[in-house]
Amino acid sequence: MPLPALQTGGPVLTADLDLPSSWWADLRLALEATSTVVTDRQAVRQQWVDKNLTRFLGISAFQVSVWTTGHADLHWANLAGPPLVLLDWEGWGRVPVGFDVGLLHAYSLTRPATAARIRREFAHVLDTAAGRTGELVALAQLLQVAGRGGHPDLAPHLVRHAECLTGTPVPVP
């Protein structure tokens with residue numbers, strides 16, 4: 001790989017990135033192209049949602065109504081560029097719409113300027129009912145990781161964002 005990942009040492013963003021508009025446009029196009037791939041691979045399962053939303057978000061489980069094909073591990077250590085390169089495709093498959101960009105946004109919450117840029121660039125996804133569903137599933141998965149001791153610097157940001165989206169306190173592990 002001739003370009004280094006945009007983040008080293010883990011998936012959580014530790015410094016704001018000054019990426020050109022063309023990089024963001026390429027990311028939108030790459031995710032749109034990925035969404036058209038037909039597959040039976042499941043990266044996120046409804047059974048996980050059924051079992052874990054109440055546990056990690058404090059809300060009732062919901063039926064994911066809109067699925068798409070996604071990267072399923074979209075974070076800054078799996079992105080390079082410019083030009084855009086998406087790395088680490090081992091977990092790709094069917095995910096709720098909004099999951100990939102919700103995950104990238106969540107991994108950016110320690111850097112408000114970059115998190116805000118993601119929300120602007122992907123408002124067409126995140127500001128829909130289906131996109132919010134995917135974002136909530138991504139947050140629940142990261143809160144599960146945080147509950148096991150992962151990403152301690154990110155955990156309070158995840159809790160705040162989840163509570164903002166749901167209006168419900170996140171259960172204490």
Side-chain angles (χ1 to χ4, degrees), residues 11-13 27-28 30-76 78-79 86 88-112 114-173:
V12 180
L13 189 63
L27 180 58
R28 280 192 308 278
L31 295 177
E32 288 170 16
T34 302
S35 75
T36 67
V37 175
V38 177
T39 185
D40 291 328
R41 288 177 57 110
Q42 280 299 128
V44 174
R45 298 186 183 283
Q46 181 65 49
Q47 296 90 330
W48 188 93
V49 173
D50 295 343
K51 181 179 175 185
N52 291 296
L53 280 198
T54 301
R55 183 174 166 205
F56 295 110
L57 292 178
I59 61 173
S60 298
F62 47 70
Q63 189 70 30
V64 176
S65 59
V66 186
W67 296 83
T68 190
T69 302
H71 182 277
D73 194 21
L74 194 64
H75 57 70
W76 298 104
N78 283 339
L79 292 166
L86 278 84
D88 189 18
W89 285 89
E90 68 195 30
W92 74 278
R94 303 294 288 166
V95 296
V97 165
F99 181 85
D100 276 347
V101 292
L103 196 62
L104 185 63
H105 179 262
Y107 276 122
S108 306
L109 290 172
T110 57
R111 303 319 249 172
T114 301
R117 178 79 188 255
I118 293 165
R119 290 215 79 84
R120 279 193 313 274
E121 294 291 340
F122 293 97
H124 67 285
V125 175
L126 294 173
D127 291 347
T128 67
R132 177 165 286 203
T133 295
E135 183 176 15
L136 289 172
V137 173
L139 281 167
Q141 284 195 355
L142 287 179
L143 284 165
Q144 181 180 41
V145 171
R148 295 176 178 154
H151 312 311
D153 294 341
L154 182 61
H157 299 277
L158 296 170
V159 169
R160 257 192 317 279
H161 189 58
E163 291 176 348
C164 179
L165 288 179
T166 65
T168 302
V170 168
V172 177

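The shown structure was predicted, so the numbers you read here are calculated from the model rather than taken from an experiment.
- Here the shortest heavy-atom pairing between A61 and T54 reads N-OG1, 3.9 Å.
- Taking each heavy atom of A72 and A43 in turn, the nearest pair found is CB-CB, 3.4 Å.
- Classification of the H161-H105 ring pair by plane angle, with boundaries at 30° and 60°, yields tilted.
- Annotation: side chain of P11 is not in contact with side chain of N78 (no heavy-atom distance under 4.5 Å).
- Here the CG-CG distance, from L109 to L142, works out to 9.0 Å after rounding to the nearest 0.5 Å.
- A donor-acceptor contact shorter than 3.5 Å links the side chain of T110 to the backbone of L13.
- When all heavy atoms are compared, the tightest approach of T39 to R94 is O-CD, 3.7 Å.
- Using a 4.5 Å heavy-atom threshold, the side chains of D88 and E90 count as touching.
- In this structure, NE2 in H71 is found 8.5 Å from OG1 in T34, a value given to the nearest 0.5 Å.
- Q63 places no side-chain N or O within 3.5 Å of a backbone atom of Q46 that could act as its donor or acceptor partner.
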Item to check | Evaluation steps, side chain to side chain contact (heavy atoms under 4.5 Å, CB included), between V97 and W67 | outcome: CA-CA 5 Å; V97 165; W67 296 83; over 6 Å; no
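- Two residues are said to be in side-chain contact when any heavy atoms from C-beta on lie closer than 4.5 Å; F56 and V170 fail this criterion.
- Between E32 and R28 there is no salt bridge, since no side-chain N of the basic residue sits under 4.0 Å from a carboxylate O of the acidic one.
- You'll find the side chain of H75 reaches within 4.5 Å of the side chain of D73, heavy atoms only.
- Side-chain contact check for V38 versus T69: every heavy-atom pair is 4.5 Å or farther apart.
- Side-chain contact between L165 and L136 is present, with at least one heavy-atom pair separated by less than 4.5 Å.
- Interatomic distance, I118 CD1 to Y107 OH, rounded to the nearest 0.5 Å: 12.5 Å.
- Here the closest non-hydrogen pair linking L158 and A146 is CD1-CB, 4.5 Å.
- Summarising the geometry, atom CG belonging to L53 is positioned 6.5 Å from atom CH2 belonging to W48; distances are rounded to the nearest 0.5 Å.
- When all heavy atoms of D50 and F62 are compared, the closest pair comes out as OD1-O, 4.2 Å.
- The two residues L154 and A106 come nearest to each other via the heavy atoms CD1-O, 3.2 Å.
- Proximity of V66 to T133: side-chain heavy atoms (C-beta onward) are nowhere separated by under 4.5 Å.
- Of the inter-residue distances, the one linking L104 atom CG with L27 atom CG reads 7.0 Å to the nearest 0.5 angstrom.
- Contacts of W76 classified as side chain to side chain donor-acceptor pair (under 3.5 Å), with partners at least two apart in sequence or in another chain: S108.
- Here salt bridge (charged side-chain N to carboxylate O under 4.0 Å, His left out) pairs that include residues 159-173, with residues two or more places apart or in two chains, number zero.
- The shortest distance between side-chain heavy atoms of L74 and L86 falls below 4.5 Å.
- Taken to the nearest 0.5 Å, the CG atom of L57 stands 10.5 Å off from the CD atom of Q141.
- Listed by first and then second residue, the salt bridge (charged side-chain N to carboxylate O under 4.0 Å, His left out) pairs involving residues 122-136 are R119-E135 (not counting sequence neighbours).
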